[in-house]
Amino acid sequence: PGERAAARAALGLPAEAPIVGIVATLRSWKGHTYLLQAFATMRNAEAILVIVGDGPQRAALEAFAAERGIASQVRFVGDQPDVVPWMQAFDVFCLPSYANEGVPQALMQAMACGLPVITTPVGSIDEIVQAGVTGVMVPPQNEVRLRVELSNLLTDGPRRRLLAAHALVAARERFGAPLMVDRMLRVFTEAAQLRG
């Protein structure tokens with residue numbers, strides 16, 4: 001976690017606007033289209049959607065945002081060598097994947113930055129996020145539920161802070177580097193013993 005105001009100032013983002021963010025390669029199954037549609041129908045003129053990442057869908061997504069009349073509220077910032085300042089600037093992290101998902105690193109990074117997350121139970125996501133405790137789960141490809149949950153979370157500061165606090169604790173307890181290194185060493189040791 002970091003200082004939100006400082007991160008926003010450094011990145012040229014508005015100090016007070018509600019900001020939803022996603023960090024993901026711009027591929028169809030990451031659900032950017034559903035996020036843009038949900039964002040467009042929220043009708044929150046102050047909110048900003050920041051899309052970190054690049055990929056084959058960029059031109060189509062930019063056109064989609066323009067068609068929905070929200071191009072001025074959506075920032076496509078491309079690939080970033082360090083996503084932490086961006087995450088520190090967000091109010092909510094959203095990853096509405098609907099296929100081809102394993103264990104999304106960005107989701108764990110968002111939780112480690114103390115962000116409330118909205119995501120889908122695709123791949124191993126439901127092993128990372130505990131619905132209603134460390135984040136919010138919505139059905140895949142359902143922009144209506146996504147819009148409702150985004151709207152609710154952006155207007156409910158206490159709930160955002162509670163989810164963020166639980167997400168941070170879970171990230172530290174389950175995804176921290178020392179724990180991951182210990183687990184990897186255990187796997188390698190067991191594999192070596194089997195070969196021995």
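Basis for what follows: all heavy atoms, side chains included, without hydrogens, waters or symmetry-related copies. These numbers were taken from a predicted model, which means no experiment stands behind them.
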Can you find a heavy atom in the side chain of [X] that is under 4.5 Å from one in the side chain of [Y]?
{"X": "Phe93", "Y": "Met111", "value": "no"}
{"X": "Met108", "Y": "Val103", "value": "yes"}
{"X": "Leu36", "Y": "Arg68", "value": "no"}
{"X": "Arg27", "Y": "Pro56", "value": "yes"}
{"X": "Pro116", "Y": "Val136", "value": "no"}
{"X": "Lys30", "Y": "Glu101", "value": "yes"}
{"X": "Leu154", "Y": "Met42", "value": "yes"}
{"X": "Leu61", "Y": "Ile51", "value": "no"}

Hydrophobic cluster membership, with links at side-chain heavy-atom distances under 4.5 Å among I/L/V/M/F/W/Y: are [X] and [Y] in one?
{"X": "Val77", "Y": "Leu115", "result": "yes"}
{"X": "Val52", "Y": "Ile48", "result": "yes"}
{"X": "Ile70", "Y": "Phe64", "result": "yes"}
{"X": "Val92", "Y": "Met137", "result": "yes"}
{"X": "Leu168", "Y": "Ile125", "result": "no"}

So, for [X] and [Y], which heavy atoms are closest and what is the spacing to 0.1 Å?
{"X": "Ala65", "Y": "Phe76", "answer": "CB-CE1, 4.5 Å"}
{"X": "Pro140", "Y": "Tyr98", "answer": "CB-CB, 3.8 Å"}
{"X": "Pro18", "Y": "Glu46", "answer": "CD-O, 3.7 Å"}
{"X": "Leu95", "Y": "Pro104", "answer": "CD2-CB, 3.7 Å"}
{"X": "Ala164", "Y": "Gly114", "answer": "CB-O, 3.0 Å"}
{"X": "Val84", "Y": "Cys113", "answer": "CG1-SG, 4.3 Å"}

Original post:
Can you list the steps and then say if Leu163 with Arg159 is a side-chain contact (heavy atoms from CB on, under 4.5 Å)?
Top reply: CA-CA 6 Å; Leu163 287 170; Arg159 183 169 177 235; 4.2 Å; yes
[atom2] on [Y] to [atom1] on [X], rounded to 0.5 Å:
{"X": "Asn142", "Y": "Gln37", "atom1": "CG", "atom2": "CD", "answer": "11.5 Å"}
{"X": "Arg145", "Y": "Thr120", "atom1": "CZ", "atom2": "OG1", "answer": "12.0 Å"}
{"X": "Thr119", "Y": "Ile128", "atom1": "OG1", "atom2": "CD1", "answer": "8.0 Å"}
{"X": "Asn44", "Y": "Leu150", "atom1": "CG", "atom2": "CG", "answer": "10.5 Å"}
{"X": "Thr25", "Y": "Asp79", "atom1": "OG1", "atom2": "CG", "answer": "7.0 Å"}
{"X": "Arg8", "Y": "Phe90", "atom1": "CZ", "atom2": "CZ", "answer": "9.5 Å"}

Original post:
Do Gln109 and Met87 pass the side-chain contact (heavy atoms from CB on, under 4.5 Å) test, and can you show the C-alpha distance, the side-chain angles, and the key distance before you say yes or no?
Top reply: CA-CA 8 Å; Gln109 291 167 343; Met87 291 202 187; 3.9 Å; yes
Original post:
Ignoring hydrogens and geometry, is there a side-chain-to-backbone donor-acceptor pair from Arg75 to Val50 under 3.5 Å?
Top reply: no
Subject >> Leu153, Val20, Ile19 screened by side chain to side chain contact (heavy atoms under 4.5 Å, CB included) with Asp91, the one that passes >> reply: Ile19
Original post:
Of all residues at least two apart in sequence or in a different chain, which pass the side-chain hydrogen bond (donor to acceptor under 3.5 Å, both in side chains) check with Gln80?
Top reply: Trp86
**OP:** May I have the step-by-step check of side-chain contact (heavy atoms from CB on, under 4.5 Å) for Val144 and Arg147, ending in yes or no?
**Re:** CA-CA 5 Å; Val144 174; Arg147 173 185 50 80; 3.8 Å; yes
Original post:
Considering residues, nucleotides and ligands other than Arg172, do more than 12 of their heavy atoms fall under 6.0 Å from its CZ?
Top reply: no
Original post:
Do the charged groups of Arg58 and Glu62 touch, with an N to O distance under 4.0 Å?
Top reply: yes
